Structure formats: structure tokens, C-alpha cells
Amino acid sequence: MCPYRLVLEHVTSRWGVLVLIELLDRPYRFSELRRAIGRVSEKMLTQTLQTLERDGLVHRDAKPVIPPRVDYSLTDLGREAAEQVRSLAMWTHRRMDDVEKARRAYDGART
């Protein structure tokens, strides 16, 4: 697989999109981010954050305190990607009526 396609897959994955958009607002602790996104397992969120961190999109800041505190935020590269993803999400929201109309027309023609 081409390297850029792999990054595109990470950025546009089900959880990658939601993580990036949520982190646009502010840094989050893991549990806060999980609650903000909703319906994501701990394992899946961990994997998504690790993947986005490896790609240079998310910064993990582990503070040496007891109990341990880890904050996640966007890097400059991550902020740029998140803004693009958010634009696509906003477009989808704005054009959903047109998509539903097209689906009805398609389904009607097939029956």
C-alpha cells in the first residue's frame, strides 16, 4: 500500500475522524476523550491514538505525577489534517438532505 494511502486511511478511519475533530477544541485526557467521542472501546481508542501519534498528528504528554496523567493534543500537522476532516464532516452535514434524496431516487429506480 502506498504510504500516503495508509495515512489517509488513518485520518479518515471511523475513530480517527472523531478523535481529530474532538482534539481541535482542546487537549483531552484519555477518559475525557473517550466520553466525548462515545461508543468507542478503550482498546480501539488506544490503537487510534497510537496510530495518529506515530503519524505525527497527535501529541501524547505523560506527566510524571501520581496518579499518572496523560494528555492528548494535536500537533501542527494534526491540526491541519483535523481542519480538513472537519470541513468534510460539515459538508456532509449540510448536504445530507441531497444525499438522502439521491438514495431514495436510486433505491426507487432499482425496485
Side-chain angles (χ1 to χ4, degrees):
M1 183 178 276
C2 295
Y4 78 89
R5 286 186 180 182
L6 192 55
V7 174
L8 183 62
E9 184 178 305
H10 297 162
V11 169
T12 61
S13 70
R14 177 180 184 181
W15 303 116
V17 166
L18 298 175
V19 166
L20 290 171
I21 290 173
E22 202 62 46
L23 289 176
L24 265 171
D25 293 334
R26 64 177 178 87
Y28 278 86
R29 292 179 75 176
F30 183 88
S31 57
E32 292 177 314
L33 185 58
R34 187 168 178 219
R35 277 192 304 275
I37 291 172
R39 300 187 126 192
V40 60
S41 70
E42 187 173 319
K43 178 182 176 184
M44 204 64 235
L45 182 56
T46 298
Q47 288 176 350
T48 300
L49 287 166
Q50 287 173 343
T51 298
L52 295 174
E53 182 182 7
R54 183 171 183 258
D55 288 343
L57 305 176
V58 168
H59 174 71
R60 181 181 186 272
D61 183 19
K63 307 226 189 291
V65 295
I66 297 175
R69 179 184 173 108
V70 179
D71 292 316
Y72 293 92
S73 60
L74 293 175
T75 63
D76 289 342
L77 189 60
R79 181 161 297 284
E80 186 178 342
E83 288 169 352
Q84 298 299 316
V85 170
R86 181 173 58 183
S87 292
L88 180 58
M90 290 168 51
W91 175 86
T92 304
H93 180 72
R94 281 193 316 272
R95 300 305 299 244
M96 200 60 215
D97 288 343
D98 294 323
V99 170
E100 288 174 350
K101 180 180 175 184
R103 286 176 177 174
R104 285 191 301 274
Y106 178 87
D107 291 345
R110 298 191 48 95
T111 57

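Just so it is clear, the values below take in all heavy atoms, side chains as well, and ignore hydrogens, waters and symmetry mates. This structure is a prediction, so every number in the text was calculated from the model and none was measured.
Note: Asp98 CG to Met96 CE = 10.0 Å, rounded to the nearest 0.5 Å. To the nearest 0.5 Å, atom CD1 of residue Ile21 and atom OG of residue Ser87 are 9.0 Å apart. Atom CD1 of Ile37 and atom CG of Leu23 lie 7.0 Å apart (nearest 0.5 Å). One distance of note links CZ of Arg54 with NE2 of His10; it measures 7.5 Å at 0.5 Å rounding. Note that NZ of Lys101 and CZ of Arg95 are 10.5 Å apart. Values are rounded to the nearest 0.5 Å. Rounding to the nearest 0.5 angstrom, the gap separating the CZ atom in Phe30 from the CZ atom in Arg35 is 11.0 Å.
Heavy atoms of other residues, nucleotides or ligands lying less than 6.0 angstrom from CG of Asp76 number 12 at most. When the shell of 6.0 Å around CZ of Arg29 is examined, it contains more than 12 heavy atoms from other residues, nucleotides or ligands. Around atom CZ of Arg26, more than 12 heavy atoms belonging to other residues, nucleotides or ligands sit under 6.0 Å away.
Within the 4.5 Å cutoff, no side-chain heavy atoms of Leu49 are placed close to those of Glu53.
Closest approach of Leu74 and Ala82 over heavy atoms only: CD1-CB, 3.8 Å. When all heavy atoms are compared, the tightest approach of Leu57 to Leu77 is CD2-CG, 3.7 Å. Nearest heavy-atom pair across Gly56 and Thr75 is O-OG1, 2.5 Å.
By the side chain to side chain donor-acceptor pair (under 3.5 Å) test, Asp61 pairs with Lys63, sequence neighbours left out.
Within the 3.5 Å criterion, the main-chain N or O of Val70 finds no donor-acceptor partner in the side chain of Arg60.
The residue from Leu24, Leu45, Val40 that alone fulfils the side-chain contact (heavy atoms from CB on, under 4.5 Å) condition with Val19 is Leu45.
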Are Gln47 and Trp15 close enough, and set up right, to give a side-chain contact (heavy atoms from CB on, under 4.5 Å), and what steps lead you there? CA-CA 10 Å; Gln47 288 176 350; Trp15 303 116; over 6 Å; no

